[in-house]
Amino acid sequence: MRLILLGPPGAGKGTQSAKIAERYGVPQLSTGDMLRAAVAAGTPVGLKAKAVMEAGGLVSDDIVVGIVADRIEEPDAKNGFILDGFPRTVAQADALEAMLRTKGITLDAVVEFLVDEDALVERIATRACETKARGEPVRKDDNPEVFKARLAAYKEQTAPLSAHYAGKGKLKTVDGMKPIEAVTADVFKILGG
Ligand code: AMP
């Protein structure tokens, strides 16, 4: 199973990709998680990405494509992966396609979560509260101001991917406003169970 999950910040990509990864026994590859780990470790990539991420912008295509190219070479990604948060630009999508072509593999589907934008701000606030309640550190970009920048970046740079993949016959959409379990059930259904 090789999937891309598409949708604005707070749409549920992380939550659903964990469930899909478990069901199909493939790793969840979140570029956001990888970048946050790089920032925490203070690697050269992390140092370059930190300020952009804190401002809610997009890290450069070169950096992110490099991270993904390395990650999909890992043995656990041999038989598939769920890409969560990548690609986020048409240039990243083109780079991914080139990468997969050289490996002779194709994507099974691109699943887009359709959500009501107004509800997203509330979701992000809830996510921050829940994380805090668990005693875990809250993401620096999970606050209303940075969230607006993330949403703007999504609309400008990532939303065009929907038409991009629809044109390739890969796009499947699900209603991301349903309860978590119902969304998961819908995703499994469109993936063939
Ligand atoms: P996420 O965890 O997917 O919400 O990503 C958190 C932040 O990491 C984003 O707001 C971006 O700054 C950065 N990021 C994650 N994935 C990408 C990507 N594919 N391209 C550029 N920036 C990314």
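For ligands, and for the atoms within them, numbers begin at 1 and follow the listed sequence. Keep in mind that what you see is a predicted model, and the values were worked out from it rather than measured. FYI, the numbering just counts along the sequence from 1.
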key: Qualifying residues under salt bridge (charged side-chain N to carboxylate O under 4.0 Å, His left out), relative to R36, sequence neighbours excluded   = D33
message = Can you tell me if K172 has over 12 outside heavy atoms packed within less than 6.0 Å of its NZ?
response = no
key: Atom CG of N79 with >12 non-hydrogen neighbours under 6.0 angstrom   = no
query = Which protein residues have a heavy atom under 4.0 Å from ligand 1?
reply = T31, G32, L35, R36, M53, G57, L58, V59, V64, G85, F86, R88, Q92, R139, D141, R150
Which residues share a salt bridge (charged side-chain N to carboxylate O under 4.0 Å, His left out) with K78, sequence neighbours left out = none
note = Residue pairs meeting side-chain hydrogen bond (donor to acceptor under 3.5 Å, both in side chains), one or both in residues 139-151, sequence neighbours left out, come to E54-K140, R127-D142, R139-D141, D142-R150
inquiry  = Between F86 and L29, is there a side-chain heavy-atom distance shorter than 4.5 Å?
reply    = no
